[in-house]
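One structure below.
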Number of protein chains: 2
Amino acid sequence: MLLSKTCIYGLRASVLLAMRNEDQYVTIRELSDELEISFYFLTKVLQHMTKADILESYKGPNGGVRLAREAHEIRMMDVVKAIDGELSFKSCVMGQSECDMMNPCPLHSKWVELQTKMTSIMNGTTIEGLAKEMKGRSVKTLLEN
Amino acid sequence: MLLSKTCIYGLRASVLLAMRNEDQYVTIRELSDELEISFYFLTKVLQHMTKADILESYKGPNGGVRLAREAHEIRMMDVVKAIDGELSFKSCVMGQSECDMMNPCPLHSKWVELQTKMTSIMNGTTIEGLAKEMKGRSVKTLLEN
DNA sequence: TTAATAAAAGACAAAATAGTCTTGATTCTT
DNA sequence: AAGAATCAAGACTATTTTGTCTTTTATTAA
Ligand code: SF4
Ligand code: SF4
């Protein structure tokens with residue numbers, strides 16, 4: 001599995017926010033209901049995204065969360081980095097941490113290809129892009145389960 | 001992380017066995033010492049591989065494990081399937097289980113590309129291939145850590 | 001100013017993964 | 001036959017990830 005569940009939840013929530021295309025705050029309860037994710041857990045996930053300036057939050061009545069930037073300015077990569085961390089893409093696809101790059105393992109070049117492909121997908125895909133493709137579908141369809 | 005640690009340990013052990021290029025059994029203790037993996041844990045991992053007919057084991061003095069087939073007949077994929085299970089490659093790269101394929105999510109086609117690439121790497125790489133490239137290096141280099 | 005609303009923060013619980021150890025079953029050597 | 005070597009199997013522990021709940025803080029509205 002490439003992305004953690006945390007990460008997938010974050011993506012789905014941001015796509016849902018983008019689909020609404022409103023400036024108003026949406027409560028996390030509303031998001032968790034629609035996505036059928038645990039409210040408590042989603043709250044945690046979105047806190048990361050708020051800290052990473054992908055979302056803005058507001059407390060109190062009529063409060064909630066909303067995208068901090070235009071949906072077309074938020075790349076999938078931004079969400080992934082905000083949640084799984086900067087490192088998750090600098091390190092080996094296999095999850096290894098320290099390797100002697102002067103003497104890489106026999107799989108290195110192939111893994112790098114994979115990594116490159118994945119990176120380019122995530123950089124080339126914006127939340128807006130995902131949201132557009134989702135129009136007319138249930139949001140559950142985005143990385144459901 | 002794409003592969004579990006279990007899986008990586010299994011790969012490393014089988015490459016080490018292939019590098020020895022002997023017909024004799026090698027004790028798990030020897031393998032775990034050289035790979036610097038917990039002996040107990042490696043034992044578990046290799047048990048899976050023995051059940052999957054990738055390794056043969058023999059008890060008692062001069063016993064141990066050895067490759068059940070020629071190293072060039074064992075694909076990386078065989079090891080991965082034996083340990084992480086058949087399903088780990090039929091399912092979504094994202095780790096999702098059930099999706100409506102008539103109505104896939106916006107990322108599906110791109111994930112499939114990734115999956116295809118990964119599958120072809122694993123099918124196209126044999127234990128012998130890895131072992132040859134490792135000659136003259138420390139086996140620790142294969143997916144070290 | 002008080003009560004209600006909603007996120008933030010932190011404590012707690014459950015599940016999945018990784019790792020350790022003990023006992024039992026074979027096989028060899030003497 | 002006895003004892004040592006070695007894998008098999010299962011119980012047990014530790015860590016990480018995922019999920020739940022409670023308390024605190026900020027904000028609005030009456
Ligand atoms: S050398 Fe191998 S283990 Fe190290 S980063 Fe490259 S692919 Fe990963
Ligand atoms: S539709 Fe999306 S979630 Fe489902 S298998 Fe394809 S990529 Fe994975």
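All chains are named by letter (A, B, ...) in the order of the sequence lines, taking the proteins before the strands, and each is independently numbered beginning at 1.
The nearest heavy atom of DNA chain C to Lys51(A) and to Pro61(A) marks one nucleotide each, and the one closer to the 5' end goes with Pro61(A). Along DNA chain D, the nucleotide closest to Val65(B) and the one closest to Phe41(A) are compared, and the more 5′ of them pairs with Val65(B). Residues Ser38(A) and Phe39(B) each lie close to DNA chain D; by heavy-atom proximity, the contact nearer the 5' end of the strand is made by Phe39(B).
Of the candidate nucleotides dT22(D), dT22(C), dA7(C), dA7(C) has the atom lying nearest to any side-chain atom of Thr27(A). Nearest nucleotide to the side chain of Tyr40(B), out of dG19(D), dA9(C), dC21(C): dC21(C). Closest to the Lys59(A) side chain, of the nucleotides dA8(D), dT18(D), dA7(C), is dA7(C). The listed nucleotides are dG19(D), dA11(D), dA7(C); the one nearest the side chain of Ile28(A) is dA7(C). Counting only heavy atoms from C-beta on, Ser57(A) has its side chain closest to dA8(C) among dT20(C), dA18(C), dA8(C).
Hydrophobic cluster membership differs between Tyr58(A) and Ile28(A), with clusters built from Ile, Leu, Val, Met, Phe, Trp and Tyr side chains linked at under 4.5 angstrom. Leu16(A) is connected to Ile83(A) through a chain of hydrophobic side-chain contacts under 4.5 Å among Ile, Leu, Val, Met, Phe, Trp and Tyr, so both are in one cluster.
The nearest whole Å value for the distance from the NE2 atom in His48(B) to the P atom in dG19(C) is 13 Å. Lys44(A) places its NZ atom 11 Å from the C1' atom of dT23(D), with the value rounded to the nearest Å. Distance, Glu30(B) CD to dC7(D) P: 10 Å, rounded to whole Å. Per the geometry, CZ belonging to Arg29(A) stands 11 Å off P belonging to dT20(D), to the nearest Å. Between the CZ atom of Arg66(A) and the P atom of dA7(C) there is a distance of 13 Å, rounded to whole Å. The distance between atom CG of Leu42(B) and atom P of dC21(C), rounded to the nearest whole Å, is 15 Å. Residue Leu46(A) contributes atom CG, which lies 14 Å from atom P of dG19(D) at whole-angstrom precision. The distance from atom CD of Gln47(B) to atom P of dA25(C) is 15 Å, rounded to the nearest whole Å.
Between Tyr9(B) and dG19(C), a side-chain N or O to OP1/OP2 separation shorter than 4.0 Å is present. Dashed line: the shortest gap from a side-chain N or O of Tyr25(B) to OP1 or OP2 of dT27(C) is not under 4.0 Å.
Expressed to the nearest 0.5 Å, how far CD of Glu30(A) lies from CZ of Phe39(A) amounts to 12.0 Å. Put simply, CD on Glu128(B) and CG on Leu130(B) are 10.5 Å apart, with the number rounded to the nearest 0.5 Å. With values rounded to the nearest 0.5 angstrom, His72(B) atom NE2 is found 8.5 Å from Thr126(B) atom OG1.
Counting distance only, with no hydrogens placed and no angle test, the side-chain atoms of Lys5(A) and the base atoms of dG19(D) include no donor-acceptor pair under 3.5 Å.
Counting non-hydrogen atoms under 4.0 angstrom, Tyr58(B) reaches the backbone sugars and phosphates but no base. In this structure, Thr50(A) reaches the sugar-phosphate backbone alone: every heavy-atom distance under 4.0 Å involves primed, P, OP1 or OP2 atoms, never a base. Among the protein residues, Gly63(B) comes within range of the sugar-phosphate backbone only, with heavy atoms under 4.0 Å from sugar or phosphate atoms but none that close to a base. Residue Thr6(A) is in sugar-phosphate contact alone, with no base atom involved, counting any heavy-atom pair closer than 4.0 Å across all strands shown.
In this structure, Leu46(B) and Leu31(B) approach most closely via the heavy-atom pair CD1-CD1, 3.9 Å.
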